[in-house]
Amino acid sequence: MPAKPLLILLLLGLLSAVPGRAQTGAPRHTFTRSAHLMGSHFTFTVVAENDSAGQRALRAGLLEVRRIDRLMSFWDSTSEVVRINRLAGVRPVAVSQETFDLINRTLRLSQLSDGAFDITFASADKLYKFDRQAHASLPDSAAVRASVRRIGWQKIKLDAAQHTVFLPEKGMRVNLAGILQGYGLRRAKQVLDKMGIKGGLMNGSGDIYCWGRQADGSLWRVAIGDPDHPRSVAAWIDVTDVAVVTAGNYEQYFTVGGQVYGHIINPHTGYPSVGLRSVTIICPDVELADGLDEVVFVKGPTAGLAFINGLQHVDCTLITDDNRTLVSKGMQLNYYHGSTATRP
């Protein structure tokens, strides 16, 4: 799964508010709460009329993410994903409708992306140490080819009538980490909708989903940072009712002969991805956006950008290994310090 560093920053105070519609009705206030979930830092912000309503909503939203983590975690011994993996090559596993449906959607994304997104990536042998150090060479090519022999999203067998998932080969494993944070945010938003929360921003370690308006009526302002200066702001965008998902491939890596190899493995080749340092996806569906950033990393700058340009209502900005900024045909960013982007 792509690392989710502090590359996107919520700027409620660092940048000036965005002019918006005048506030009407009862006064509204902003409430924020954080938690460590899914191995990452989550921060939820909601707009509510009073402290009681705001705090109830924050607790409910974060509890929903915790529930999903326990249900589908790769690491929790009681999760449905762990049961699927334990019985690989043995028998199908009955799962909840929720888990079945999410796995089914990942397979559709795998098909759409020609396998660039593949939850069976967890089946690969562990050949690499992403320690930020210089290594003498890559592993032997035969070992690399053998490492991906069990990978293949097409191998997963789903039975809709029985709600079962079957991995036909021993040693196969699935891991939903590449899409689970986005799914958690989507489900949390549904919980908050039912509680009457009309505006908020949820940040799951770089996966951001916002809706409605800030307490003063302004849009949500999200900034995109520079990988070389993680707490600096290179650009920003004013948004609502949209996901802004950023992934970085520069916190877990190694180098060989000066070439940086990030921790995202190409499931087709077994080699680490190259060519990109960060990917930001903007689209209305936070779950989809979470999966698309991995697709772009695997495809690389040229093919990845072309893939996004072929989708409706999806945009991206990419930072390449040689520090070029590339943007999709519909991307509109505000840049600091004379920065510019290229539309190939």
Side-chain angles (χ1 to χ4, degrees), residues 1-2 4-12 18 20 30-38 40-48 54 57-69 72 98 102 105-106 109 176-215 218-225 236-248 278-296 308 311 313-317 331 333:
M1 178 180 76
K4 305 284 186 179
L6 292 177
L7 186 60
I8 287 190
L9 307 173
L10 168 61
L11 301 182
L12 295 178
V18 185
T30 299
F31 304 92
T32 299
R33 178 176 290 197
S34 298
H36 188 75
L37 302 165
M38 298 183 176
S40 300
H41 184 75
F42 279 69
T43 299
F44 281 17
T45 298
V46 299
V47 177
L58 291 169
R59 284 193 297 269
L62 290 168
L63 281 172
E64 177 67 358
V65 177
R66 190 180 304 276
R67 180 190 69 80
I68 291 166
D69 189 24
M72 305 184 195
E98 185 174 11
L102 181 59
R105 289 197 298 276
T106 71
L109 180 57
L176 296 170
I179 206 165
L180 198 59
Q181 288 185 176
Y183 176 67
L185 294 181
R186 185 168 73 81
R187 288 301 300 254
K189 168 62 163 51
Q190 293 173 349
V191 168
L192 298 180
D193 283 344
K194 292 178 180 178
M195 300 181 73
I197 300 300
K198 303 301 184 185
L201 184 146
M202 302 178 293
N203 184 350
S205 188
D207 289 2
I208 289 177
Y209 184 61
C210 62
W211 71 100
R213 298 277 180 140
Q214 296 190 55
S218 61
L219 295 170
W220 300 96
R221 177 164 286 187
V222 179
I224 300 173
W236 78 92
I237 187 170
D238 302 323
V239 291
T240 188
D241 302 319
V242 75
V244 183
V245 171
T246 289
S278 76
V279 173
T280 297
I281 303 288
I282 298 180
C283 80
D285 186 336
V286 64
E287 177 189 312
L288 177 61
D290 198 14
L292 287 176
D293 60 17
E294 189 164 321
V295 170
V296 174
I308 295 299
L311 302 177
H313 311 300
V314 180
D315 279 297
C316 71
T317 181
M331 191 70 162
L333 290 175

- Task: Check Ala215 against Thr30 and note the closest heavy-atom contact, atom names and distance.
- Result: CB-OG1, 3.6 Å
- Message: Looking at Asn203 and Gly206, would you say the former's side chain and the latter's main chain have a donor-acceptor pair under 3.5 Å?
- Response: yes
- Note on the structure: Sorted by chain and number, sequence neighbours left out, side-chain contact (heavy atoms from CB on, under 4.5 Å) with His41 holds for Ser34, Thr43
- Smallest heavy-atom separation, Val191 atom then Gly61 atom, equals CG1-N, 4.5 Å
- Query: Could you go step by step and tell me if Phe42 and Arg66 meet the side-chain contact (heavy atoms from CB on, under 4.5 Å) rule?
  - Reply: CA-CA 11 Å; Phe42 279 69; Arg66 190 180 304 276; over 6 Å; no
- Message: Could you tell me if the side chain of Leu102 sits less than 4.5 Å from the side chain of Leu180, heavy atoms only?
- Response: yes
- Just how far is it from atom CG of Asp207 to atom CD1 of Ile179, taken to the nearest 0.5 Å? 10.0 Å
- Message: Tell me if a side-chain donor or acceptor on Asp315 pairs with a main-chain N or O of Ile282 at a distance below 3.5 Å.
- Response: no
- Query: Can you check whether Lys189 reaches Asp193 side chain to side chain, under 4.5 Å on heavy atoms?
  - Reply: yes
- Task: Output the distance between atom CD1 (Ile281) and atom CG (Leu292), rounded to the nearest 0.5 Å.
- Result: 5.5 Å
- Message: Between Met72 and Glu98, is there a side-chain heavy-atom distance shorter than 4.5 Å?
- Response: yes
- Taking the side chain as every heavy atom from C-beta outward, state whether Met38 and Ile68 have any atom pair closer than 4.5 Å. yes
- Rounded to the nearest 0.5 Å, the CZ atom of Arg33 sits from the CG atom of Leu62 at a distance of 7.0 Å
- Where do Leu109 and Gly291 come nearest, in terms of heavy atoms and distance? CD2-CA, 3.9 Å
- Query: Can any side-chain N or O of Trp211 pair as donor or acceptor with the backbone N or O of Ile197 at less than 3.5 Å?
  - Reply: yes
- With rounding to the nearest 0.5 Å, note down the distance linking CG in Asp293 to CG in Leu288. 10.0 Å
- Item | Distance in Å, His313 NE2 paired with Asp285 CG, rounded so as to fall on 0.5 Å steps | 12.0 Å
- Item | Distance (rounded to the nearest 0.5 Å) between Phe44 CZ and Thr32 OG1 | 11.5 Å
- Donor-acceptor pair, Thr246 side chain versus Thr280 backbone, under 3.5 Å? no
- Message: On a heavy-atom basis, which atom in Val222 and which in Leu201 lie closest, and how many Å separate them?
- Response: CG2-CD1, 4.3 Å
- Message: Side chains of Gln181 and Ser205: any donor to acceptor distance under 3.5 Å?
- Response: no
- Of Val286, Leu192, Leu58, which meets side-chain contact (heavy atoms from CB on, under 4.5 Å) against Met202? Leu192
- Task: For Glu64 and Ala188, work out which heavy atoms get closest and say how close.
- Result: CG-N, 4.0 Å
- Nearest atoms (heavy-atom pairs only) where Tyr183 meets Glu287: CD1-OE1, 3.2 Å
